[in-house]
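Read through the structure below, which is laid out as structure tokens, and then see the notes.
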Amino acid sequence: MKSTLISALLTVGLLAPLAAADKPVIDTSNSPHAILHGVPVTAVKLGDGFWTERRRVNEEVSLPTMFELLEQNGILDNFRRAAGTKDVPRRGPVYTDSDIYKWIEADAFVLQNHANAKLRALGEGAIDTIVAAQQPDGYLNTLYVKERAAQRHTRMADNHELYCLGHLLQAGVAWKRATGETKLLDSGLKMVAYLLTNFGPDKKPLMEGHPEVEMALIECYREIGDKRYLELAHYLLESDPRIKLDKSSIVYHNTGRPFWERTILEGHAVRAMYASAGATDYYIETGDQRYKDALDRLWQDLVRRKMYITGGVGSRESGEAFGAPYELPNQLAYTESCAAIGSMLWQWRMLQATADAKYMDVFERALYNGVNSGLSLQGNLYCYRNPLELIGDPEDKIRNPWYDTTCCPPNIQRVLASLTGYMYSTSADGLYVHLYH
């Protein structure tokens, strides 16, 4: 029925012609417990309007200037150092590899929409640089190489190795769908093979300090069909009982127990949103009702007690964390841009699983007020946090061109570049319209 509907929409001109490789951002086409199915970003062509201008600025200003800043701040040099082609100190935080991966994913979504020779060349060059840094055993992370090679997987609660891998895999999938090239995805899957060889229930224990890779693994399962990727995501969501966490780790990691046992949202807001999105992906593929019950509990906790009127989440600067119920101060609000994006990713997956418009209501609120606010009209200044009250000029106080922790700018860029993929869904019942333009 879905293919018949899409054919009919193509016939009457409501969707643009599709290539065989065109797929939705989250491809639930064959997911047994998805009621809705998104359309590819290529299926929607926007006329003049609000989002058209925002997306133009993203492509013409944000992506090129951010790439220059990633180069200037040594992010790509970290890969050259790991490959042995440049003798420089490693720069940036433990998670900084993920920033170029998110940039490539944003680039790929632009290329899915239309050709852009300059951005494609930048992406191809970055991919060559990344792949050259991969170690012979498949390991790929620029921090835990050379003098730090012995420290791999020794601080799993906060080392972000799997978080970076998740963004690498998502960039690889998006790049494959945009260009047909698999070099980056193949590189990410080599590291997954390294994990499968060394870690698991009957091997060394493994945990995800910052959830993200679960979403990526399940999307790779959808793309490739290898069930081991789904099983690895499940293993990480279940939490290996052999790993003991101290109290501070639990605050940041939001776990220490299987996901389906959770009753409230606590700890680091971005991690909680990403974990919830990954758990929803798992439910969509398996129908495990324990996960759906937990997701429903957590969603009620979010929208009734811990979400701002803007759709922002995470009220505390300390730990970038959720506060107590109704702890939602205006001026002190942290409401990180990545947390709003994480909420959007979760809401979209809940929508696909249920076809309930309440999830898109939250998605839309976060998009307009918690994500869009994170990028200046000029396209080169970004918000990390998005308070509801601010004294003085917001351009001076809250938006900056660069952060040492650069997670939010390329995250905003990939949302804007993929936005057409969130405007419609199809089902056996017909066409669902989600966003205005």
Atom [atom1] in [X], atom [atom2] in [Y]: separation rounded to 0.5 Å?
| X | Y | atom1 | atom2 | value |
| --- | --- | --- | --- | --- |
| Thr406 | Asn411 | OG1 | CG | 11.5 Å |
| Leu162 | His210 | CG | NE2 | 12.0 Å |
| Gln378 | Arg399 | CD | CZ | 8.5 Å |
| Leu168 | Lys102 | CG | NZ | 13.0 Å |

With a 3.5 Å cut-off and no angle check, do the side chains of [X] and [Y] form a donor-acceptor pair?
| X | Y | result |
| --- | --- | --- |
| Asn386 | Ser337 | yes |
| Gln347 | Trp299 | yes |
| Thr52 | Asp48 | no |
| Thr405 | Tyr95 | yes |

Could you tell me whether [X] and [Y] have a side-chain N and a carboxylate O separated by less than 4.0 Å?
| X | Y | value |
| --- | --- | --- |
| Lys292 | Asp296 | yes |
| Lys23 | Glu223 | yes |
| Arg271 | Glu320 | no |
| Lys203 | Asp240 | no |
| Asp361 | Lys358 | no |
| Glu231 | Arg228 | no |
| Asp137 | Arg152 | yes |

I want to check something: taking the side chain as every heavy atom from C-beta on, are [X] and [Y] in contact at a cut-off of under 4.5 Å?
| X | Y | value |
| --- | --- | --- |
| Asp77 | Arg91 | no |
| Ile284 | Thr280 | yes |
| Thr28 | Leu36 | no |

Has [X] got a side-chain atom pairing as donor or acceptor with [Y]'s backbone, closer than 3.5 angstrom?
| X | Y | answer |
| --- | --- | --- |
| Thr96 | Pro93 | no |
| Thr335 | Tyr308 | no |
| Glu124 | Leu122 | no |
| Gln112 | Ala174 | yes |
| His160 | Tyr163 | no |
| Glu336 | Val270 | no |
| Arg55 | Leu416 | yes |
| Asn73 | Leu69 | yes |
| Arg90 | Gly92 | yes |
| Thr420 | Val41 | yes |

Tell me the ring-ring contact (aromatic ring centres under 6.0 Å, His included) pairs involving residues 174-196, sequence neighbours left out? Tyr139-Tyr194, His153-Tyr194

Hey, could you give me each pair passing ring-ring contact (aromatic ring centres under 6.0 Å, His included) that has a residue in residues 102-129? Not counting sequence neighbours. Phe67-Trp103

Which heavy atom in Tyr368 sits nearest to a heavy atom in Asn372, and how many Å separate them? O-CB, 3.4 Å

Are Phe363 and Trp346 close enough that their ring centers fall under 6.0 Å? no

Are Tyr282 and His234, when compared by the centres of their aromatic rings, separated by less than 6.0 Å? yes

Positive for ring-ring contact (aromatic ring centres under 6.0 Å, His included) with Tyr422, one of Tyr432, Trp348, Trp51, Tyr359: Trp348

